[in-house]
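Report on the following structure.
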Amino acid sequence: MSKALSQLKYFCGPLVRVFVFAALAGMALFSAAQENDTRGVTPEEFVKARPAKSGTKPAARPAAQPGYKLVSTTLKSSGGAMRQMGITIWRLRASVSQDGGPRILVQEGAESVSWTPQRIASGSLLREGDRVRISIESPSTGYLYVIDREQYSAGKLGDPYLIFPTTRIRNGDNQVTAGKLIEVPAQEDRPNYFTLRKSKPAQTGEVLTVIVSDKPLEGVDIGPEAKVLSAEQVAGWEQKWRGQTQRFEMVGGAGHAWTKAEQEAGLDGTRRLTQDDPGPQTVYRVAVPAGQPFFTKIELGYSTPKTAHARQ
């Protein structure tokens with residue numbers, strides 16, 4: 001839109017000036033609508049379902065948290081139920097002596113290498129070879145499923161693999177509830193991160209479909225390893241459960257390192273995040289009928305050589 005408006009300034013005439021004024025007014029109204037929506041989605045709204053910190057009174061207010069900014073939306077009306085999920089993408093970087101938080105130790109050959117998980121915004125481009133982890137949280141009780149597909153040029157997708165749940169992780173327990181953090185891969189996995197590698201030259205990234213359902217999905221059997229699903233079955237789910245979506249990013253959250261609370265909450269599910277612990281980096285709100293499963297898609301896109309150079 002900004003390019004189109006910059007081109008308009010080269011034209012003259014009252015009609016064009018009126019058009020430009022109307023366009024700018026429309027942008028101002030859209031910006032105001034964003035601000036109104038953002039006021040309705042705060043870290044307190046997402047984390048208030050979590051348990052209070054031990055030793056605090058139930059009526060005590062949680063510690064101040066950073067705000068969230070609306071970054072994308074397909075929502076056309078505010079009516080209907082809004083379901084939420086929180087997702088944080090962690091990119092691992094080599095640990096430095098100044099890092100005070102938890103680290104991930106990886107045995108590489110004869111050496112033990114230390115990595116620090118660091119938040120990145122959803123939609124950030126990644127380099128081939130990057131190590132990535134995902135943490136997922138739901139403020140309401142349900143069952144979590146994560147499907148992974150390779151993405152190729154022209155939007156083509158590879159076979160869908162159910163990568164969570166598996167019987168190797170938490171004995172197949174995929175129930176989510178407020179404050180319970182699910183990590184993919186899990187900390188006990190080996191390796192406990194994804195290494196982004198192209199299987200084919202035309203591959204442009206990975207697409208994760210994250211589903212939360214009030215009940216376990218029928219016809220889904222799990223085993224110790226990721227299971228290939230029918231492309232037709234997954235397409236049917238997406239068509240049936242599709243909802244208008246808003247995406248919010250935590251202001252100033254990208255770049256923050258993994259905390260001890262997040263490490264402990266993701267370890268085995270016995271420790272839950274509290275209202276004082278960090279909120280998720282990205283909050284998705286999806287408009288769906290009550291009781292219907294809902295999902296969102298997370299794209300892990302590879303940067304091209306040109307964009308990779310720009311990041312340096």
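One-based numbering along the sequence shown.
- Shown here for Thr88 and Pro280, the closest heavy-atom pair between the two residues is OG1-CA, 3.5 Å.
- Within the 4.5 Å cutoff, side-chain heavy atoms of Pro117 are placed close to those of Ile104.
- Among residues two or more places apart in sequence or in another chain, the salt bridge (charged side-chain N to carboxylate O under 4.0 Å, His left out) test is passed with Glu128 by none.
- Atom NZ of Lys198 has more than 12 heavy atoms from other residues, nucleotides or ligands within 6.0 Å.
- One finds a salt bridge joining Glu137 and Arg50 here, because a Lys/Arg side-chain nitrogen approaches an Asp/Glu carboxylate oxygen to under 4.0 Å.
- The OG1 atom of Thr296 sits 12.5 Å away from the CD atom of Gln84 when rounded to the nearest 0.5 Å.
- Two residues are said to be in side-chain contact when any heavy atoms from C-beta on lie closer than 4.5 Å; Ile87 and Leu208 fail this criterion.
- Contact between Ala186 and Asn192 at its shortest, heavy atoms only, is O-CB, 3.2 Å.
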Inset, instruction - May I have the step-by-step check of side chain to side chain contact (heavy atoms under 4.5 Å, CB included) for Thr73 and Arg247, ending in yes or no? - result: CA-CA 6 Å; Thr73 182; Arg247 176 165 64 94; over 6 Å; no

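- For Gln246 and Ser72, the side-chain atoms include no donor-acceptor pair closer than 3.5 Å.
- In this structure, the side chains of Thr274 and Val47 stay at 4.5 Å or more apart for every pair of heavy atoms.
- With hydrophobic clusters built from ILVMFWY side chains whose heavy atoms lie under 4.5 angstrom apart, Tyr284 shares a cluster with Val176.
- Within the 4.5 Å cutoff, side-chain heavy atoms of Arg285 are placed close to those of Phe248.
- For the residue pair Trp258/Thr116, the side-chain donor-acceptor check at 3.5 Å is not satisfied.
- Closest approach of Pro139 to Ala178, counting heavy atoms only: O-CB, 3.6 Å.
- Atom CD of Glu249 is separated from atom OG1 of Thr282 by 3.5 Å, given to the nearest 0.5 angstrom.
- One hydrophobic cluster holds both Val132 and Val146 under the rule that ILVMFWY side chains link at heavy-atom gaps under 4.5 Å.
- Pairs passing the salt bridge (Lys or Arg N to Asp or Glu O under 4.0 Å) check and including a residue from residues 172-181, sequence neighbours excluded, read Asp173-Lys180.
- In this structure, the separation between CD1 on Ile136 and CG on Leu144 is 4.5 Å, given to the nearest 0.5 Å.
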Inset, instruction - Determine, step by step, whether Glu262 and Arg119 satisfy the salt bridge (Lys or Arg N to Asp or Glu O under 4.0 Å) criterion, reporting the C-alpha distance in whole Å, the side-chain angles of both residues, the deciding distance to 0.1 Å, and the verdict. - result: CA-CA 12 Å; Glu262 290 165 319; Arg119 291 174 176 238; 2.7 Å; yes

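- Follow the hydrophobic side-chain contacts under 4.5 Å out from Ile147 and you reach Phe295 in the same cluster.
- Scored by the side-chain contact (heavy atoms from CB on, under 4.5 Å) test, Val113 finds Glu108, Trp115 as partners (sequence neighbours excluded).
- For Asp268 and Thr270, the side-chain atoms include at least one donor-acceptor pair closer than 3.5 Å.
- Of the possible polar contacts, one joining the Tyr302 side chain to the Arg197 backbone as a donor-acceptor pair under 3.5 Å is found.
- Within the 3.5 Å criterion, the main-chain N or O of Arg91 finds no donor-acceptor partner in the side chain of Gln118.
- Between Ser122 atom OG and Ile298 atom CD1 the span is 4.5 Å, to the nearest 0.5 Å.
- Applying the side-chain hydrogen bond (donor to acceptor under 3.5 Å, both in side chains) definition to pairs two or more places apart or across chains, those involving residues 158-170 are Arg168-Asp189.
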Inset, instruction - Report the C-alpha distance between Arg93 and Asp99 in whole Å, list the side-chain angles of each, state the deciding distance to 0.1 Å, and finish with yes or no for salt bridge (Lys or Arg N to Asp or Glu O under 4.0 Å). - result: CA-CA 11 Å; Arg93 60 165 174 79; Asp99 290 336; 2.9 Å; yes

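- Counting all heavy atoms, side chain and backbone alike, Gly243 lies closest to Val288 at CA-CG1, 4.2 Å.
- Side chains of Glu206 and Asp148 form a contact here, defined as non-hydrogen atoms less than 4.5 Å apart.
- Counting all heavy atoms, side chain and backbone alike, Tyr145 lies closest to Asn174 at CZ-ND2, 3.4 Å.
- Hydrophobic clustering (side-chain heavy atoms under 4.5 Å, transitive across Ile, Leu, Val, Met, Phe, Trp, Tyr) groups Phe164 together with Phe194.
- If you take CG on Leu196 and CD on Gln203, they are separated by 9.0 Å, rounding to the nearest 0.5 Å.
- With hydrogens and angles ignored, the 3.5 Å screen pairs no side-chain donor or acceptor of Gln292 with any backbone N or O of Pro289.
- Residue pairs that meet the salt bridge (Lys or Arg N to Asp or Glu O under 4.0 Å) test with at least one member in residues 229-243, sequence neighbours left out, are Arg149-Glu238, Glu238-Lys297.
- Under a 3.5 Å cut-off, the side chain of Gln275 and the backbone N or O of Lys48 do form a donor-acceptor pair.
- Side-chain contact between Met250 and Lys69: absent, with no pair of heavy atoms (C-beta onward) separated by less than 4.5 Å.
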Return a table of donor-acceptor pairs under 3.5 angstrom between the side chains of residues 211-219 and protein atoms on other chains or two or more places apart.
{"unit_1": "Ser213", "atom_1": "OG", "unit_2": "Lys215", "atom_2": "N", "d": "3.3"}
{"unit_1": "Ser213", "atom_1": "OG", "unit_2": "Lys215", "atom_2": "O", "d": "2.6"}
{"unit_1": "Asp214", "atom_1": "OD1", "unit_2": "Arg83", "atom_2": "NH2", "d": "3.1"}

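- A salt bridge links Asp277 with Arg271: the closest approach of a Lys/Arg side-chain nitrogen to an acidic carboxylate oxygen falls below 4.0 angstrom.
- Residues Val106 and Val96 do not share a hydrophobic cluster, defined by chaining ILVMFWY side chains whose heavy atoms lie under 4.5 Å apart.
- Remark: Met85 CE to Phe46 CZ distance equals 9.0 Å, nearest 0.5 Å.
- Between Pro185 and Pro191, the shortest heavy-atom distance links the atoms CB-O, 4.2 Å.
- Side-chain atoms of Thr74 and Thr245 include no donor-acceptor pair closer than 3.5 Å.
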